[in-house]
Novice: 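Shown below is the structure under consideration.
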Amino acid sequence: MIELVPPPATSGKTLMERVEDSLLPLINLVFLLLMFFIVAGQLADTPLPDLPAATRAEGRQPPHADLMISVDKGWHIDGETIAREALPTRLPAPDESTPLKIAAGEDVSMSDLEDLLRLLEDNGYTDVILLTEPTQ
């Protein structure tokens, strides 16, 4: 009877030696890719752009927010405290091209934000930009 599978080709090497020989091209490839990204990548000599806290310190005006939410769960539009029922009538109409900007204080909890976002979603606001301050 004729053998359909040829006998394994052995070169006199053990299994471990054959595995090591198979890994060598992979190691070479990883090394070459590492060297390529080190040479091709550019390290920027320019500093990072100014952060929002730094721009405010220089006297520049912070970005405009349609709605501000503070720690005491107060919602403010143009400096005036707004009740939950009056919020949809005081905000600009929902617009697909212009998202609503909300500024949140650093101590506002996530549950407060979730309540506000649910209310906004129920009133047709689908795009919202959340403005926050970085901690220092």
Side-chain angles (χ1 to χ4, degrees):
M1 183 168 183
I2 299 174
E3 290 287 327
L4 297 177
V5 179
T10 57
S11 61
K13 292 184 178 182
T14 65
L15 177 63
M16 185 58 77
E17 290 172 339
R18 286 184 288 171
V19 168
E20 288 174 355
D21 289 344
S22 298
L23 284 179
L24 188 61
L26 177 65
I27 293 170
N28 287 340
L29 178 67
V30 170
F31 177 73
L32 288 174
L33 285 172
L34 177 65
M35 295 309 297
F36 171 77
F37 285 112
I38 288 174
V39 172
Q42 294 180 350
L43 298 176
D45 292 333
T46 58
L48 292 174
D50 292 336
L51 299 175
T55 59
R56 189 180 60 239
E58 293 175 5
R60 295 183 190 161
Q61 203 169 16
H64 170 72
D66 298 315
L67 173 65
M68 295 181 70
I69 180 170
S70 60
V71 178
D72 60 356
K73 297 183 184 178
W75 297 339
H76 310 282
I77 297 177
D78 296 328
E80 182 182 342
T81 303
I82 306 298
R84 182 181 182 93
E85 300 79 28
L87 187 64
T89 59
R90 295 290 310 270
L91 289 174
D95 185 10
E96 299 263 341
S97 62
T98 308
L100 184 70
K101 293 181 182 175
I102 301 173
E106 63 184 34
D107 293 334
V108 174
S109 69
M110 189 62 198
S111 62
D112 295 338
L113 282 175
E114 286 176 355
D115 292 341
L116 174 64
L117 292 174
R118 276 194 202 98
L119 176 67
L120 292 174
E121 184 180 29
D122 293 342
N123 287 290
Y125 294 94
T126 55
D127 292 329
V128 173
I129 295 177
L130 182 61
L131 306 171
T132 61
E133 281 188 41
T135 56
Q136 294 186 9

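If you read the sequence from its start, that first residue is 1, and numbering goes on from there.
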Novice: Do the side chains of V108 and Y125 join up, straight or via other hydrophobic residues, at under 4.5 Å, putting them in one cluster?
Specialist: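 Yes; Y125 is reachable from V108 via cluster members.
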
Novice: Under 4.5 Å between side-chain heavy atoms, chaining through other members, with only Ile, Leu, Val, Met, Phe, Trp and Tyr counted: pull out the rest of the cluster around F31, sorted by chain and number.
Specialist: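 Members alongside F31: M35.
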
Novice: In a table with atom names and distances, give each donor-acceptor pair under 3.5 Å that connects a side chain of residues 113-123 to protein atoms at least two apart or in another chain.
Specialist:
from	atom 1	to	atom 2	distance (Å)
N123	ND2	L119	O	2.8

Novice: Would you compute the distance between atom CD1 of I102 and atom CG of L91 and round it to the nearest 0.5 angstrom?
Specialist: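 If I round to the nearest 0.5 Å, the distance is 8.0 Å.
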
Novice: Between E80 and I77 (side chain of the first, backbone of the second, donor and acceptor by atom type, cut-off under 3.5 Å), is there such a pair?
Specialist: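 No.
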
Novice: Report whether V19 and L24 are members of the same hydrophobic cluster (ILVMFWY, side-chain heavy atoms less than 4.5 Å apart, transitive linking).
Specialist: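 No, it is not one cluster - the side chains of V19 and L24 are not joined through contacts under 4.5 Å.
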
Novice: Using side chain to side chain contact (heavy atoms under 4.5 Å, CB included) as the criterion, list what pairs up with P92, not counting sequence neighbours.
Specialist: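 For P92 the side chain to side chain contact (heavy atoms under 4.5 Å, CB included) partners, ignoring immediate neighbours, are D66, L100.
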
Novice: Suppose we screen for side chain to side chain contact (heavy atoms under 4.5 Å, CB included). Which residues come up paired with T89, at least two apart in sequence or across chains?
Specialist: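 Once residues adjacent in sequence are excluded, the partners of T89 under the side chain to side chain contact (heavy atoms under 4.5 Å, CB included) criterion are A86.
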
Novice: Examine I69 and M110 and state if one hydrophobic cluster contains both, with Ile, Leu, Val, Met, Phe, Trp and Tyr joined whenever side-chain heavy atoms are less than 4.5 Å apart.
Specialist: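 In one cluster with I69: M110, yes.
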
Novice: State which residues pass salt bridge (charged side-chain N to carboxylate O under 4.0 Å, His left out) with E85; sequence neighbours excluded, sorted by chain then number.
Specialist: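 If we apply the salt bridge (charged side-chain N to carboxylate O under 4.0 Å, His left out) test to E85, skipping adjacent residues, there are no hits.
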
Novice: Taking all heavy atoms of G124 and all of P94, pick out the closest pair and write down the distance.
Specialist: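 Closest pair (atom of G124, atom of P94, distance): O-CB, 3.4 Å.
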
Novice: D21: which residues meet the salt bridge (charged side-chain N to carboxylate O under 4.0 Å, His left out) condition with it, sequence neighbours left out?
Specialist: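 Once residues adjacent in sequence are excluded, the partners of D21 under the salt bridge (charged side-chain N to carboxylate O under 4.0 Å, His left out) criterion are K13.
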
Novice: Listed by chain and number, what are the side chain to side chain contact (heavy atoms under 4.5 Å, CB included) partners of I129, not counting sequence neighbours?
Specialist: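 Partners of I129 by the side chain to side chain contact (heavy atoms under 4.5 Å, CB included) criterion, ordered by chain and then number, come out as P99, K101, L131.
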
Novice: Under the side-chain hydrogen bond (donor to acceptor under 3.5 Å, both in side chains) rule, collect the residues that match up with S97, sequence neighbours excluded.
Specialist: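 By the side-chain hydrogen bond (donor to acceptor under 3.5 Å, both in side chains) rule, S97 matches D95.
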
Novice: Do the side chains of L67 and I82 get nearer than 4.5 Å, heavy atoms only?
Specialist: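 Of all side-chain heavy-atom pairs linking L67 with I82, none is under 4.5 Å.
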
Novice: Could I get the full list of side-chain hydrogen bond (donor to acceptor under 3.5 Å, both in side chains) partners for T81, not counting sequence neighbours?
Specialist: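 Testing T81 for side-chain hydrogen bond (donor to acceptor under 3.5 Å, both in side chains), a comparison that skips the adjacent residues, returns H76.
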
